Amino acid sequence: MRMSQLFLRTLRDDPADAEVPSHKLLVRAGYVRRVAPGIYSWLPLGLRVLAKVEAIVREEMAAIGGQEVRFPALLPRDPYEATDRWTEYGDNLFRLKDRRGNDMLLGPTHEEMFTLLVKDLFGSYKDLPAVLYQIQTKYRDEARPRAGILRGREFIMKDSYSFDVTDEGLEQAYQAHRAAYIRIFDRLGFDYVIVKADSGAMGGSASDEFLAVLETGEDTFVRSPGGYAANVEAVTTVVPDAIAFDGLPAAHAEQTPDTPTIETLVAHANAAFPRDDRPWTGADTLKNVLIMLRHPDGSTEPLAIGLPGDREVDAKRLEVQVSPAEVEPFGEEDFARYPDLAKGYIGPGVLGTENATGIRYLTDPRVVDGTSWITGADVHGSHVFDLVAGRDFTSDGTIEAAEVRAGDPAPDGSGPLELARGMEMGHIFQLGRKYAERLGLQVLDENGKLVTVTMGSYGVGVSRAVAAVVEGSYDELGIVWPKEVAPFDVHLVVAGKAPELFEGADGIVADLEAAGLDVLYDDRPKMSPGVKFKDAELIGVPTIVVVGKGLADGVVEVKDRATGERRDVAVADLVATLTA
RNA sequence: CGGGAUGUGGCGCAGCUUGGUAGCGCACCUGCUUUGGGAGCAGGGGGCCGCAGGUUCGAAUCCUGUCAUCCCGACCA
């Protein structure tokens, strides 16, 4: 490709609306243009990269027997009504009407369509297993699109679906996808982790997320030196051993005026009731938090959560635990209905289905039998000290709602956890029979009986991956593409304007292309060398070949974009050097 | 949906306080010079100053409304 012919304009300044590196660089280097918030056009360079990523995905999907199909992006309402997602998706769904007033939507994902397609055409266990996938534009009307290509309202996604009669078949399809995804992300060349996704509401179905490790990521995950990795929502607390009650001091209530917060309580305890061995800390206190649950049927239920005072409730972890109920704040009017609750001094004494309030009381897993706590005495201005779990109070069960912190032990014993940010690039999920049931996807088994098909759904953010690659591979000069996804193999710059240089370059380009290399040939005649070098570095093709003064002696310069290393190579050896 | 900011050629910005012929840099076009690190000189094209009202002899500038965009948060592949 001759650069004089390429539809490209590079920009010297970062666009004002860009914040993250991939956004700035992809716009500056002429890969994409913004059309509307979260909606981008792909220019020739960008499309080449996108095609490379798609090719990797197609190869790896083919390798596990996936067959490609393509559904429309524009879809009728009906199938999504059957699974309730017309409603469930809420404002995130792009909705429109056709001229007859029929409701339509722009597909946010295609579980329904795949399920119905298989139902349409297949009716026997002999037809299964099957894996179908598509690479298609998806639409989600995000409340706040951001970070350019990384999180748009229109994006390209590979979604595949497996169809099996047996749970074992589903497990196999799931593992095949997991392996394929590992190969895909390895080839894309960015740092990623596989984390267990939330283990809550969907009832134990296996689910792994592939997260690109990025500062700009929107998911928080944890990992340990020993290789454990999980979404914070899926982290389980390491439960300490129970402690024998023998010798534990008896509980005693103390006056603790003006200590409605953990901070004031700890300060007061250290001042008025100092320990011999060490100061009191927030971890010695048991904080009791009240929330209101709203169940899907609209009813509400209060819930009390007891957790070490040095930890906050993590809203996301809590939501996963109580799903499908939703969490609402416990308001003043709710407190008014429970006169036994002494705000700021609430303790286990009145919590629990057996006690005065009758409010269900769940505690953090760290609150095991024999642990001693300072906690509210259910009287304003008073706390109980040495209140021992299992001896002086009990709860109605445990709940994983406390925040996860760096340094917490990994559940599998593989060391202290570290918190990091990631961006979801792939998600594999055992859907089970939910969609098949809703949509009536059944086949006849060997005995001639109708059985419901079990499904898996597996996504890769294809356009997002392009941005993630950039996020993981750039420097102050521009993008540094890994070979597998670079728009070209070689960027050849003519430094100079002597006709002999261009003639020589023409020949070199022809040789390289004959050897199967994609060459971006900067043949722009009047451009100064400095501009060409800057453009080459910004665009980020892995290998830059400079045809300049050395050509008279039969050598050109080969520069590695990533390392900056340059060396002179004889023209005669160039093809061999670059294809090695 | 809450908080903050910003809308001026393709891009980045100044001008607004104090109303008076719309400016700068980059990019683009022409010519000459230059040619290994975002060249120089000269000339040139391109604008409904987000939109709508209002005040005024006169509005990019003041007032009111409105729309949009960006950032932080809530939410989210």
Side-chain angles (χ1 to χ4, degrees), chain A residues 8-20 23-24 27-30 33-39 88-93 107-111 136-159 197 207 209-212 216-220 231 233 315-316 319 326-327 329 422-429 457-465 467-468 477-478 493-499 501-502 522 524-539 544 546-551 556-557 559 564 566 568:
Chain A
L8 172 71
R9 175 116 303 133
T10 56
L11 305 177
R12 198 175 292 212
D13 299 311
D14 286 332
D17 61 356
E19 194 71 14
V20 301
H23 188 192
K24 290 178 182 172
V27 171
R28 272 189 63 205
R33 290 298 287 174
R34 196 191 76 107
V35 171
I39 301 178
E88 273 179 17
Y89 247 97
D91 289 337
N92 271 4
L93 192 63
T109 176
H110 285 75
E111 275 83 357
Q136 174 62 293
T137 308
K138 309 276 182 176
Y139 297 86
R140 293 183 195 177
D141 194 2
E142 298 283 343
R144 182 150 100 83
R146 70 186 90 178
I149 297 296
L150 219 38
R151 190 173 146 183
R153 293 189 294 170
E154 180 188 273
F155 55 97
I156 298 166
M157 182 169 153
K158 187 284 303 183
D159 51 325
S207 177
E209 279 180 47
F210 291 71
L211 298 181
T216 46
E218 56 198 9
D219 292 335
T220 303
N231 233 320
E233 290 91 323
K316 284 188 174 177
E319 274 170 27
E326 288 178 21
V327 176
M423 174 67 73
E424 183 170 340
M425 302 306 303
H427 196 166
I428 57 178
F429 198 80
S457 110
Y458 318 89
V460 171
V462 174
S463 49
R464 172 177 278 189
L477 297 171
V493 171
V494 177
K497 70 161 189 181
L501 292 180
F502 286 94
D522 195 344
R524 293 175 295 180
K526 292 187 173 176
M527 212 59 83
S528 75
V531 173
K532 291 182 175 182
F533 292 141
K534 291 290 183 195
D535 274 350
E537 281 144 356
L538 179 60
I539 290 167
I544 299 167
V546 182
V547 176
K549 287 170 179 166
L551 188 66
V556 295
E557 184 178 296
K559 182 176 174 183
R566 326 168 168 200
D568 286 338

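The chains referred to below are lettered A, B, ... by the order of the sequence lines, with proteins before strands, and numbering in each begins at 1. This structure is a prediction, so every number in the text was calculated from the model and none was measured.
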> Under 4.0 Å between a Lys/Arg side-chain N and an Asp/Glu carboxylate O for A:Asp535 and A:Arg524?
Replying inline: yes

>> Taking the minimum atom-to-atom distance to the side chain of A:Ala16, which one of B:rG12, B:rC71, B:rA77 wins?
In response: B:rG12

>> Distance check needed: B:rA77 P versus A:Glu142 CD, whole Å only.
In response: 7 Å

>> Need one value for A:Glu424: base, sugar-phosphate or nothing, where a base atom within 4.0 Å counts as base even if backbone is also close, heavy atoms only.
In response: sugar-phosphate

>> Please report the distance separating the C1' of B:rG7 from the corresponding atom of B:rU66, rounded so that it comes out in whole Å.
In response: 13 Å

> Out of B:rC75, B:rG36, B:rC70, which has the shortest distance to the side chain of A:Lys549?
Replying inline: B:rG36

>> Can you tell me the base-pairing partner of B:rG7? Count Watson-Crick or G-U wobble geometry only, both distances below 3.5 Å, and say none if there is no partner.
In response: B:rC67

> Any Lys/Arg nitrogen of A:Lys559 or A:Glu537 sitting under 4.0 Å from an Asp/Glu carboxylate oxygen of the other?
Replying inline: yes

> Does A:Arg9 get its side chain close enough to the base of B:rA27, under 3.5 Å, for a donor-acceptor pair?
Replying inline: no

> Looking only at atom P, what distance separates B:rC76 and B:rA59, rounded to whole Å?
Replying inline: 50 Å

> Now, which nucleotide makes the Watson-Crick or G-U wobble pair with B:rC24, with each of the two distances under 3.5 Å?
Replying inline: B:rG12

> Any side-chain heavy-atom pair from A:Val546 and A:Val494 closer than 4.5 angstrom?
Replying inline: no

> Taking the P atom of each, how far is B:rA27 from B:rG40, in whole Å?
Replying inline: 9 Å

> Separation of A:His110 atom NE2 from B:rA77 atom P, in whole Å?
Replying inline: 16 Å

>> With a 4.5 Å cut-off on side-chain heavy atoms, are A:Glu233 and A:Glu319 touching?
In response: no

>> Under 3.5 Å for both donor-acceptor distances, Watson-Crick or wobble: does B:rU56 have a partner, and if so which one?
In response: none

> Can you tell me the Watson-Crick or wobble partner of B:rU17, both distances under 3.5 angstrom?
Replying inline: none

>> Could you tell me if the side chain of A:Lys138 sits less than 4.5 Å from the side chain of A:Ile156, heavy atoms only?
In response: no

>> With nearest nucleotide decided by heavy atoms, which residue, A:Met425 or A:Arg33, maps closer to the 5′ end of RNA chain B?
In response: A:Arg33

> Hey, which of these two, A:Ala18 or A:Ser463, hits RNA chain B nearer its 5' end, going by closest nucleotide?
Replying inline: A:Ala18

> Within this structure, what is the CZ-to-P distance between A:Arg524 and B:rC29, rounded to whole angstrom?
Replying inline: 12 Å

>> Taking donor-acceptor contacts at under 3.5 Å, does the side chain of A:Arg146 reach the base of B:rC70?
In response: no

> P atom, B:rG12 versus B:rC75: distance in rounded Å?
Replying inline: 32 Å

> Do the charged groups of A:Arg151 and A:Glu142 touch, with an N to O distance under 4.0 Å?
Replying inline: yes

>> Please report the distance separating the P of B:rA5 from the corresponding atom of B:rG9, rounded so that it comes out in whole Å.
In response: 22 Å

>> Can you measure A:Leu150 atom CG to B:rC71 atom C1' for me and round it to whole angstrom units?
In response: 16 Å

> Does B:rU61 have a Watson-Crick or wobble partner in any strand here, with both distances under 3.5 angstrom, and which is it?
Replying inline: none

>> For the CG atom of A:Asn92 and the CZ atom of A:Arg140, what is their distance to the nearest 0.5 Å?
In response: 8.0 Å

> With a non-hydrogen cut-off below 4.0 angstrom, is A:Gly548 in contact with a base, only sugar-phosphate, or nothing?
Replying inline: base

>> Checking contacts here: which listed nucleotide (B:rA77, B:rC75, B:rG36) is nearest the side-chain heavy atoms of A:Arg464?
In response: B:rA77

> With a 4.5 Å heavy-atom cut-off, do A:Pro108 and A:Tyr139 have their side chains touching?
Replying inline: no

> Quick one: A:Arg151 CZ to B:rC72 C1', roughly how many Å, whole number?
Replying inline: 13 Å

> Going by atom types only, do A:Glu209 and A:Ser207 share a side-chain donor-acceptor pair under 3.5 Å?
Replying inline: no

> Expressed in angstrom and rounded to an integer, what is the separation of A:Asp522 atom CG from B:rU35 atom C1'?
Replying inline: 14 Å

> When the distance from CD of A:Glu233 to C1' of B:rC75 is rounded to whole Å, what number comes out?
Replying inline: 13 Å

>> Taking the P atom in each of B:rC62 and B:rC16, what is the distance between them to the nearest angstrom?
In response: 9 Å

> Looking for any heavy atom pair under 4.0 Å, which part of the strands does A:Gly38 touch: base, sugar-phosphate only, or nothing?
Replying inline: nothing

> In whole Å, what is the span from the CD1 atom of A:Ile149 to the P atom of B:rA77?
Replying inline: 18 Å

Write out a two-atom table: protein N or O, nucleotide N or O from nucleotides 37-43 of chain B, distance below 3.5 Å.
residue : atom : partner  : partner atom : Å
B:rG37  : O6   : A:Lys559 : NZ           : 3.4
B:rG37  : O6   : A:Arg566 : NH2          : 2.9
B:rG37  : N1   : A:Glu537 : OE2          : 2.8
B:rG37  : N2   : A:Glu537 : OE1          : 2.1
B:rG37  : N2   : A:Glu537 : OE2          : 3.1
B:rG38  : O2'  : A:Arg12  : NH1          : 2.3
B:rG38  : O2'  : A:Arg12  : NH2          : 2.8
B:rG38  : O6   : A:Arg28  : NH2          : 3.0
B:rG38  : N2   : A:Asp535 : OD1          : 3.2
B:rA39  : OP2  : A:Ser528 : OG           : 3.3

> What is the base-pairing partner of B:rG47, counting Watson-Crick and G-U wobble geometry with both distances under 3.5 Å?
Replying inline: none

> If pairing requires Watson-Crick or G-U wobble contacts with both distances under 3.5 Å, which nucleotide is the partner of B:rC32?
Replying inline: B:rG40

>> Students often get this wrong, so: under 4.0 angstrom with heavy atoms, is A:Val460 touching a base, only sugar-phosphate, or nothing?
In response: nothing

> Of the nucleotides B:rG36, B:rA77, B:rC70, which has the atom closest to the A:Arg34 side chain?
Replying inline: B:rC70

> Looking at side-chain heavy atoms only, is the closest gap between A:Arg34 and A:Asp17 below 4.5 Å?
Replying inline: yes

> If the P atom of B:rG3 is compared with that of B:rG19, how far apart are they to the nearest Å?
Replying inline: 32 Å

> Paired with B:rG2: which nucleotide, if any, by Watson-Crick or G-U wobble criteria at under 3.5 Å for both distances?
Replying inline: B:rC72

> What integer number of Å spans the P atoms of B:rU8 and B:rC70?
Replying inline: 14 Å

